[in-house]
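See below for the structure under consideration.
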Amino acid sequence: MNVSEIAARAKQASYILGALPPETKDRALNAMACALRVHADEILAANQLDLQEAKRAVEAGEMKPALYERLKLTREKLEVVIRGVEELVELPDPVGNVLAATELDEGLNLYKVSCPIGLIGVIFEARPDVVPQIAALAAKSGNAVVLKGGREALHTNDALAKVLQNALASVPGYPPEALNLIHTREESAQMLALDRFFDLIIPRGGNSLIAYVKANTKIPVLGHADGVCHIFVARSADVEMAKKICIDAKNQYPSACNALETLLIDENWPDNYKKELLGAFVKSGVELFGGADVAALASVRGPVTDWHTEYGEKKLSVKQVKNVLDAVEHINRYGSHHTDGILSADHDEVQIFMDLTDSAGVYHNASTRFADGYRYGFGAEVGISTGKTHARGPVGLEGLTIYKYKLYGNGQIVADYTGAQAKPFTHKKIGGNV
């Protein structure tokens with residue numbers, strides 16, 4: 001089948017998914033989790049094939065080391081994904097919830113009810129764990145999905161998709177056309193042109209991918225272009241806490257989009273604390289970039305040429321700022337509106353930072369690495385949105401639903417509510433289910 005045929009069948013499946021009972025969707029999730037465990041060895045073997053090819057690309061200078069790290073799928077990482085799928089079963093069904101109910105008049109009731117978005121296309125680079133995460137979120141939220149992974153994860157994506165598709169096919173009543181995988185750039189371009197079928201496109205990757213998707217589709221796009229995350233160390237920050245949090249934010253997984261990329265330090269923080277913190281970074285293998293004032297405190301590789309830099313590796317931009325307002329101004333100007341944090345013991349200063357920083361996630365005394373759907377309790381995520389549409393931050397089940405208005409009447413017509421003798425609307429809030 002070509003992409004148009006795949007999308008047409010998936011669109012039809014989305015209508016069935018929208019009316020599936022919660023029990024069927026949960027059976028699908030359990031089947032997916034079970035299948036991933038049973039077939040873990042063949043999935044990891046497929047990943048090794050991709051890693052072998054990727055290693056040669058890195059050695060040839062054709063792939064960045066950060067992309068290679070994202071490509072790795074370990075048994076531990078796969079188990080985390082499986083647990084995320086299982087946790088989705090325990091979460092309430094996001095579909096069919098009454099978000100608001102209003103009596104327009106006696107016997108004329110309006111309900112705002114959550115429903116699936118429909119057919120979603122997801123284009124992503126590396127990170128093959130995206131496949132089961134999105135497949136599971138789509139199943140729970142009642143959406144059909146077409147996935148397009150990068151060629152660097154071809155073998156892993158194929159193995160994962162096959163396992164999951166077979167699992168879903170074993171669930172009575174679940175449409176097998178709901179989960180699809182395409183492979184080539186040509187197919188990706190075809191998908192972006194199918195606005196008559198797709199309701200949403202989610203790109204997960206670098207700036208060039210996001211820009212390409214936005215420039216080549218009429219379909220609504222949800223996602224984030226990059227992750228230039230900051231931590232501001234305020235003058236009242238505890239140095240031991242600062243070392244613990246900042247090192248975790250940078251080194252726990254340097255290639256993640258929520259890893260620390262720029263460290264801002266209040267110039268009034270004691271110099272011995274600054275040296276201790278920056279020295280801890282250097283000792284852990286992080287290369288620092290900053291001006292002469294930073295070079296006076298620690299060894300730096302050179303100045304920062306672009307403050308909007310996502311390194312994706314053990315490199316860090318460092319800048320001293322005057323105060324919290326100076327830090328906020330820098331973040332709002334150079335950041336990516338992803339996740340930014342403050343380390344401070346001053347309540348008023350913290351509130352200023354939390355209120356004025358224009359990011360999807362704003363943290364106090366915590367690592368930026370917490371910006372994740374699994375850690376937020378969403379089970380998993382389809383991505384992180386830095387936009388200001390219906391979903392922001394890690395996008396889980398709620399972000400994969402929209403709503404419709406259901407009006408229940410008893411013969412009412414608009415003519416009765418217009419003109420000189422118009423009946424008045426009651427517009428009374430009511431409770432209960434549809």
Side-chain angles (χ1 to χ4, degrees), residues 55 58-59 64-70 72 74 76-77 226-322 324 326-327 330-331 334-336 338-345 353 361 363-372 375:
K55 185 177 181 180
V58 171
E59 292 171 348
K64 292 183 178 180
L67 189 62
Y68 178 86
E69 290 300 318
R70 290 193 182 105
K72 285 183 181 178
T74 64
E76 292 74 21
K77 187 183 291 186
D226 45 22
V228 183
C229 300
H230 301 72
I231 288 181
F232 168 52
V233 182
R235 63 188 301 176
S236 63
D238 177 81
V239 65
E240 292 301 323
M241 180 187 291
K243 288 191 295 183
K244 182 179 179 181
I245 290 175
C246 293
I247 295 297
D248 178 86
K250 178 74 256 185
N251 290 351
Q252 198 273 332
Y253 189 14
S255 62
C257 64
N258 55 16
L260 175 65
E261 301 291 9
T262 299
L263 179 69
L264 303 176
I265 305 176
D266 192 309
E267 61 185 21
N268 294 303
W269 203 43
D271 281 352
N272 59 314
Y273 287 176
K274 297 173 189 174
K275 292 178 180 178
E276 194 173 339
L277 174 58
L278 296 178
F281 275 115
V282 174
K283 187 177 180 180
S284 69
V286 175
E287 298 178 3
L288 304 180
F289 294 83
D293 58 334
V294 176
L297 300 167
S299 174
V300 300
R301 288 293 304 273
V304 177
T305 56
D306 183 0
W307 287 106
H308 187 83
T309 297
E310 182 179 12
Y311 294 108
E313 54 187 315
K314 291 181 121 180
K315 296 180 179 180
L316 182 69
S317 299
V318 183
K319 180 182 181 181
Q320 295 195 69
V321 293
K322 296 178 182 178
V324 64
D326 195 17
H330 178 99
I331 293 170
Y334 295 107
S336 57
H338 191 296
T339 305
D340 301 285
I342 179 174
L343 307 183
S344 173
F353 184 92
Y363 293 2
H364 172 222
N365 288 351
S367 170
T368 55
R369 288 282 292 121
F370 281 105
D372 177 81
R375 298 187 181 104

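All values reported here derive from a predicted model rather than from experimental measurement.
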Pair His338-Asp226, side-chain donor/acceptor within less than 3.5 Å: no
Pair Glu261 + Lys250, salt bridge at N-O below 4.0 Å: yes
Between Ser284 and Asn251: side-chain donor-acceptor atoms closer than 3.5 Å: yes
Side chain to side chain, Val58 and Lys55, heavy atoms closer than 4.5 Å: no
Pro303 side chain reached by Phe289 side chain, heavy atoms, under 4.5 Å: no
Side chain proximity check, Ile265 to Lys319, heavy atoms < 4.5 angstrom: no
side-chain hydrogen bond (donor to acceptor under 3.5 Å, both in side chains) partner of Gln320, the single match among Asp326, Asp266, Asp293: Asp293
Sequence-distant partners of Glu276, side-chain hydrogen bond (donor to acceptor under 3.5 Å, both in side chains), two or more places apart: Lys243
Between Tyr311 and Ser317, a side-chain donor and acceptor under 3.5 Å: yes
For Asp372, side-chain hydrogen bond (donor to acceptor under 3.5 Å, both in side chains) partners two or more places apart: none
Residue list, side-chain contact (heavy atoms from CB on, under 4.5 Å) with Ser367, at least two apart or on another chain: Ile245, Asp248, Ala249, Arg369, Phe370
Minimum heavy-atom distance Val324-Phe353, with the two atoms named: CG2-CB, 3.9 Å
Residue pair Leu288 / Leu278, side-chain heavy-atom distance below 4.5 Å: yes
Shortest non-hydrogen separation from Lys274 to Trp269 and the atoms involved: CE-O, 2.8 Å
